[in-house]
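Small disclaimer: the values here were computed from a predicted structure and weren't measured. Chain A is the first sequence line, chain B the second, and so forth, proteins listed ahead of strands; every chain is numbered from 1.
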Amino acid sequence: MEERYDFKVIERKWRLRWDEADIYASRGEEGATERYILVMFPYPSGPAHIGHVANYNLGDVLARYMRRKGVNVLHPMGWDGFGLPAENAAIRSGVHPAEYTWKNIALLKEGLKRLGYSYDWSRELATCSPDYYRWTQWLFLKFYEKGLAYKTRAWANWCPSCRTVLANEQVIDGLCERCDSVVEQKALNQWFFRITDYAERLLEDMGKLSGWPESVLTMQRNWIGRSEGCEVAFRIKETGREIPVFTTRPDTLWGVTFFLLAPEHPLVDEIIAGTPYEEDVKEFRERLSGVSDMERTAMEAEKDGAFLGTHAVNPVNGEEVPVWTANFVLMEYGTGAVMAVPAHDQRDFEFARKYDLPVRVVIQPPDTALEPESMTEAYVEPGSMINSGEFNGLDSERGRLEDIPDLLGERGWGERTVNYRLRDWLISRQRYWGAPIPVVYCPKCGTVPVPEEDLPVLLPEDVEFEFEGPSPLERSDGFRRTGCPRCGGEAERETDTMDTFVDSSWYYMRFACPGDDEAALDEEEVSYWLPVDQYIGGIEHAILHLLYSRFFTKVLKDLDLVDFDEPFTNLLCQGMVVMGGAKMSKSKGNVITPDQFIESYGADTLRLFILFLGPPEADKEWSESGIDGAHRFLHRVWRLVDRYLGVLTFKTQPVPEESESLKILSHLTHKTVKKVTEDIERFAFNTAIAAIMEFTNGLYRVMEETRGAFNTLEGHEAIRSLVLLLAPFAPFIAEELWDELGGDFSVHQRPWPEYDPLLARAERITMVAQVNGKVRDRIEVGADIPEEEMERLALASPRIRKNLEGKAVSKVIVVPGKLVNIVAR
RNA sequence: GCCCGGGUGGUGGAACCGGUAGACACAAGGGACUUAAAAUCCCUCGGGGAGACCCGUGCGGGUUCGAAUCCCGCCCCGGGCACCA
């Protein structure tokens with residue numbers, strides 16, 4: 001055996017052996033259970049960085065562990081290939097997005113391979129490959145057939161000087177990142193997926209997601225934002241036109257003193273056209289350009305608005321109230337209109353104060369009487385209804401939930417309804433590097449979906465990339481001009497591509513049958529592997545990606561393409577590796593690559609070090625101090641095994657005079673196997689590694705005290721267990737040591753070690769004696785000491801007795817096997 | 001702003017269900033070995049105190065025999081906010 005731990009030689013050697021022997025291929029063997037372990041696939045923005053290592057370590061440890069528990073494991077890897085950065089690179093440096101992307105995929109793949117991850121590479125896929133996006137397009141057609149894809153006008157960020165649509169990321173403080181022009185909102189006809197049709201099921205089925213972190217479920221629940229209330233029809237006095245509003249507070253209907261429309265509301269233009277108010281409203285809208293929804297609706301935001309010169313009629317009392325437009329009313333929420341009740345809504349209150357609009361109290365708190373003049377903020381709690389005609393004196397909660405909705409229904413003024421904060425999913429992108437939306441517009445036949453047999457609609461190669469002006473697809477005549485699939489006449493293709501979230505909403509299913517060119521999904525394969533048993537990914541995906549994937553799964557279930565309705569049974573959200581307090585990302589320029597560390601320490605050290613940094617869920621501030629420690633530890637293991645290698649190849653012989661050492665060895669071994677197994681099961685990889693370190697330290701201690709203790713069955717078991725336990729964390733060195741120990745190839749295919757609970761259990765424990773909750777003594781006792789004996793020992797302790805002087809014992813609390821607390825006054 | 005997390009030694013973290021705060025490491029200091037260095041090994045390592053002990057898990061309160069852990073209020077940091085992925 002080599003004296004030195006030559007990680008470079010070892011890692012090169014085993015990487016090749018594993019490839020040749022194809023030991024990580026997923027096999028659907030009969031009889032065994034299957035587990036699908038998946039880490040969110042990466043966007044290939046460049047070579048691997050430390051954040052990737054932190055992510056993919058987790059899946060790899062789990063996959064390696066599960067395989068050795070005798071489970072059929074699917075652990076694949078692929079690439080989220082489409083996206084904005086590739087297109088930006090094309091604009092900047094003239095490199096085609098495909099070239100940029102495939103080059104980065106190659107870099108990233110090599111990086112992951114160097115780290116020794118146990119992927120089944122035969123299932124590799126890339127969303128930007130025509131074999132894949134063909135099926136993304138096919139799924140779009142299925143959505144379209146089901147009425148779940150539709151086109152409508154929607155707002156997009158628009159830079160007037162570059163004449164181009166901007167992503168939110170390209171808008172910096174309301175300005176174009178390129179030319180600093182103020183970004184406007186432009187209405188475009190765009191494609192949507194009707195995710196709101198699934199709002200209720202997305203909420204309900206969260207009950208099935210007991211394997212998800214509660215925080216993620218809460219975030220999704222809040223995102224969907226279900227609220228029960230009423231839709232009430234107000235009427236424009238001057239035109240008679242009805243405008244519905246959504247309210248969760250029908251009990252405050254009598255307190256409406258004005259009416260608000262979103263600035264983008266189509267009726268606003270209709271109302272002000274040709275009136276003296278047109279100018280004011282235009283100025284107001286001007287002030288809003290470049291201001292995000294978030295800023296507009298912030299509680300602190302200065303209320304801003306304009307009178308529209310018209311009035312709305314309140315159905316419950318026939319009152320005519322002025323109609324305004326206001327910055328905090330959003331077109332996307334509810335109906336884009338608000339019945340303003342300044343006395344009982346804070347934003348309405350501030351608006352009323354600013355524009356000197358009337359405030360009328362209709363809910364009276366139980367203890368005081370509110371006066372509009374003296375109010376400094378809105379009263380939003382329940383109370384009793386006043387100034388509300390026949391409902392005066394009614395409990396407002398009852399009014400809100402029962403009497404008023406009933407009244408609205410009976411009189412035909414409105415109805416109970418449920419409103420969601422969730423909006424339909426805008427999937428249109430006016431960009432090149434995405435899956436083209438497979439639709440053709442024919443002057444005669446209208447919107448015609450591309451026939452399935454004509455898929456994929458390929459991205460044209462000969463296009464030019466410029467920041468300014470329309471997207472490359474729109475400018476490509478060769479792409480745009482086509483024949484109508486229905487009538488054969490001249491027609492135009494849709495030039496929008498799909499949001500990359502569409503690609504990533506179904507990739508985990510495609511891993512079951514990545515090469516299938518007959519269908520998007522192979523029924524048998526998908527049904528065998530899916531749903532994903534353990535999904536792992538960054539908390540930053542808690543809402544969008546995970547919600548879209550859940551939505552896709554439900555649609556595919558309804559289309560009878562899959563037999564499950566939730567895609568991810570268990571979810572582990574890991575924290576981010578941050579640097580200087582910010583998420584590591586290429587756009588922030590704070591990326592650290594693993595290569596330099598692999599070069600000087602080896603992949604095993606880097607894997608171990610990052611896993612040892614802390615629990616998966618926690619954010620980790622990157623610092624390389626400590627990596628020496630991880631390396632030193634592997635060296636220590638190396639030397640330990642090295643030193644005893646000779647011994648282990650001889651026959652074992654009993655060492656009766658050293659039986660105490662053997663007992664310690666057995667205990668250490670079984671205790672560690674138990675601890676590491678339990679820690680892996682709960683994803684506590686950092687403490688699993690700490691346990692292996694302690695085990696190693698313990699073995700050194702035994703070795704120093706009792707030479708020859710390893711020349712026994714117990715000694716062999718200890719050394720073997722050490723290597724077997726280390727294998728999922730540091731696969732290369734473990735393979736090498738296993739090989740040197742004479743074990744059969746591969747250590748990664750050996751069964752996971754079992755432990756004997758009796759041997760794992762400590763014989764002696766330290767019992768704590770407290771007085772009034774403060775530790776006063778520690779007493780070593782047998783592990784199975786009875787409670788009465790614990791109490792007796794504690795009370796007999798001289799230190800305890802000293803502390804009890806002059807006090808009367810009122811109570812003694814005994815926690816079996818742990819502590820005794822004596823309560824004394 | 002809203003929603004979701006987090007805050008423990010000089011540092012990363014441990015303490016899993018309310019029961020010994022600081023496991024395991026890093027850094028630092030001291031020592032052994034060495035001509036020397038590296039490597040390795042040993043010791044010290046939250047603060048105060050000679051000690052008995054006292055203080056200590058972002059801050060202020062509370063519940064409890066007992067709180068890093070539960071509750072209320074506050075401060076700070078991170079993630080998401082629908083076209084970054």
Side-chain angles (χ1 to χ4, degrees), chain A residues 40 42-43 45 80 82-85 88 156-157 165-171 213-223 225 292-301 332 421-431 499-501 504 538-545 547-548 573 575-576 578 581-583 585-587 609 612-615 617-621 623-630 632-633 635-636 639 678-679 682 684 686-687 689-694 697 700 704 766-775 778 799 802 810-813 815 818-824:
Chain A
M40 291 176 186
Y43 175 74
S45 57
D80 192 8
F82 281 134
L84 187 62
N88 285 342
N157 298 317
V165 174
L166 300 177
N168 286 348
E169 202 191 41
Q170 297 171 311
V171 182
E214 197 50 52
S215 60
V216 173
L217 294 178
T218 307
M219 277 192 258
Q220 293 214 350
R221 202 173 288 120
N222 292 340
W223 184 261
S292 69
D293 285 5
M294 217 192 300
E295 292 164 304
R296 270 170 56 180
T297 52
M299 267 338 240
E300 285 69 39
E332 285 81 12
R421 208 187 72 97
L422 182 70
R423 313 200 292 252
D424 272 343
W425 175 10
L426 196 170
I427 61 154
S428 277
R429 298 290 180 271
Q430 292 70 41
R431 292 178 211 294
D499 179 5
T500 57
F501 275 122
S504 58
I539 185 70
E540 67 269 29
H541 297 288
I543 297 175
L544 294 180
H545 165 61
L547 193 68
Y548 291 149
C573 279
M576 281 166 310
V578 297
K583 156 179 168 180
S585 79
K586 208 183 172 194
S587 57
F609 168 62
F612 188 59
L613 273 179
E617 303 85 3
D619 286 343
K620 290 157 199 78
E621 171 71 37
S623 156
E624 57 186 87
S625 89
I627 194 163
D628 284 313
R632 269 204 288 270
F633 163 66
H635 237 124
R636 247 167 99 71
R639 288 198 315 274
E678 288 171 355
D679 278 359
R682 68 182 179 109
N686 54 332
T687 51
I689 292 166
I692 300 174
M693 287 174 170
E694 282 183 83
N697 295 343
Y700 266 98
E704 271 151 32
T766 303
M767 171 192 124
V768 167
Q770 298 181 326
V771 175
N772 293 330
K774 286 187 193 297
V775 179
R778 292 181 166 88
R799 305 176 69 144
K802 189 168 158 264
S810 59
K811 202 180 193 185
V812 178
I813 287 151
V815 181
K818 276 225 166 93
L819 62 74
V820 177
N821 185 19
I822 299 155
V823 187

A/Thr297 side-chain N/O to B/rG1 phosphate OP1/OP2 under 4.0 Å: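 So the side chain of A/Thr297 is outside the cut-off, no N or O lying under 4.0 Å from OP1 or OP2 of B/rG1.
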Pairwise C1' distance, B/rG46 and B/rU35 [rounded to whole Å]: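 Approximately 41 Å lies between the C1' atom of B/rU35 and that of B/rG46.
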Given B/rC83, B/rC84, B/rA25, the nucleotide with the shortest approach to the side chain of A/Asn697: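 When the side chain of A/Asn697 is considered, B/rA25 is the closest of B/rC83, B/rC84, B/rA25.
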Pairs: protein N or O with nucleotides 63-70 of chain B N or O, under 3.5 Å:
{"unit_1": "B/rC65", "atom_1": "O2", "unit_2": "A/Asn821", "atom_2": "ND2", "d": "2.4"}

Distance, rounded to the nearest Å, where A/Asp293 contributes CG and B/rC3 contributes P: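 Distance, rounded to whole Å: 17 Å.
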Protein-nucleotides 48-51 of chain B N/O pairs closer than 3.5 Å?
none

Whole-Å distance separating the CZ atom of A/Arg778 from the C1' atom of B/rC53: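 It is 14 Å, rounded to the nearest whole Å.
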Whichever of A/Glu694 and A/Ile427 has its nearest RNA chain B nucleotide further upstream toward 5':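 It is A/Glu694, whose closest nucleotide lies nearer the 5' terminus.
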A/Leu544 side chain, from C-beta outward: closest of B/rG79, B/rC81, B/rA52: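 The closest nucleotide is B/rC81.
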Could you list the protein-to-nucleotides 15-17 of chain B atom pairs, N/O on both sides, closer than 3.5 Å?
{"unit_1": "B/rA15", "atom_1": "OP1", "unit_2": "A/Arg682", "atom_2": "NH2", "d": "3.3"}
{"unit_1": "B/rC16", "atom_1": "N4", "unit_2": "A/Lys675", "atom_2": "NZ", "d": "2.9"}

Quick one: which protein N/O atoms are closer than 3.5 Å to N/O atoms of nucleotides 54-57 of chain B? Pair and distance per line, please.
{"unit_1": "B/rC54", "atom_1": "OP1", "unit_2": "A/Arg776", "atom_2": "NH2", "d": "3.1"}
{"unit_1": "B/rC54", "atom_1": "OP2", "unit_2": "A/Arg776", "atom_2": "NH1", "d": "3.1"}

Distance below 4.0 Å between A/Arg636 side-chain N/O and B/rC41 OP1 or OP2: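 Result: yes.
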Distance between P atoms of B/rU8 and B/rU69 (Å, rounded):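 So the two P atoms sit 13 Å from each other.
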Test side-chain hydrogen bond (donor to acceptor under 3.5 Å, both in side chains) applied to A/Arg682 - qualifying residues, sequence neighbours left out: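 Checked A/Arg682 against side-chain hydrogen bond (donor to acceptor under 3.5 Å, both in side chains); matches are A/Asp679.
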Residues in side-chain hydrogen bond (donor to acceptor under 3.5 Å, both in side chains) contact with A/Glu332, at least two apart in sequence or another chain: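 For A/Glu332 there are no side-chain hydrogen bond (donor to acceptor under 3.5 Å, both in side chains) partners, ignoring immediate neighbours.
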Under the side-chain hydrogen bond (donor to acceptor under 3.5 Å, both in side chains) test, residues paired with A/Asn697 that sit two or more places apart: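 In terms of side-chain hydrogen bond (donor to acceptor under 3.5 Å, both in side chains), with neighbours along the sequence ignored, A/Asn697 is linked to A/Arg636.
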Heavy-atom donor-acceptor pair, A/Gln430 side-chain to B/rC83 base, under 3.5 Å: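 Present.
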Sugar-phosphate, base or nothing in reach of A/Trp223, heavy atoms under 4.0 Å: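 Touches a base.
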Between the protein and nucleotides 28-31 of chain B, are there any N/O to N/O pairs under 3.5 Å, and if so, what are the atom names and distances?
none

Secondary-structure notation, RNA chain B, from Watson-Crick and G-U pairs under 3.5 angstrom (| other strand): (((((((..(((......[....))).(((((.......))))).(((....)))..(((((..]....))))))))))))....
Qualifying residues under side-chain contact (heavy atoms from CB on, under 4.5 Å), relative to A/Asp619, sequence neighbours excluded: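 Residues passing side-chain contact (heavy atoms from CB on, under 4.5 Å) with A/Asp619: A/Met576.
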Protein-nucleotide distance (A/Phe609, atom CZ; B/rG13, atom C1'), rounded to Å: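 Atom CZ in A/Phe609 sits about 12 Å away from atom C1' in B/rG13.
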Nearest-Å distance once atom P is located in both B/rG10 and B/rC45: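 B/rG10 and B/rC45 have their P atoms separated by 15 Å.
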A/Phe612: partners by ring pair (Phe, Tyr, Trp, His ring centres under 6.0 Å), with sequence neighbours left out: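 Residues passing ring pair (Phe, Tyr, Trp, His ring centres under 6.0 Å) with A/Phe612: none at all.
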A/Glu169, nearest nucleotide to its side chain (from B/rC84, B/rC53, B/rC26):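 From the listed options, B/rC84 comes nearest.
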With sequence neighbours excluded, residues passing salt bridge (charged side-chain N to carboxylate O under 4.0 Å, His left out) with A/Arg296: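 Partners of A/Arg296 under the salt bridge (charged side-chain N to carboxylate O under 4.0 Å, His left out) test: A/Glu264.
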Between B/rC43 and B/rA21 - P atom distance, rounded Å: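 Comparing P positions in B/rA21 and B/rC43 gives a spacing of 24 Å.
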Sugar-phosphate only, base, or nothing, as touched by A/Val815 at under 4.0 Å among non-hydrogen atoms: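 Touches a base.
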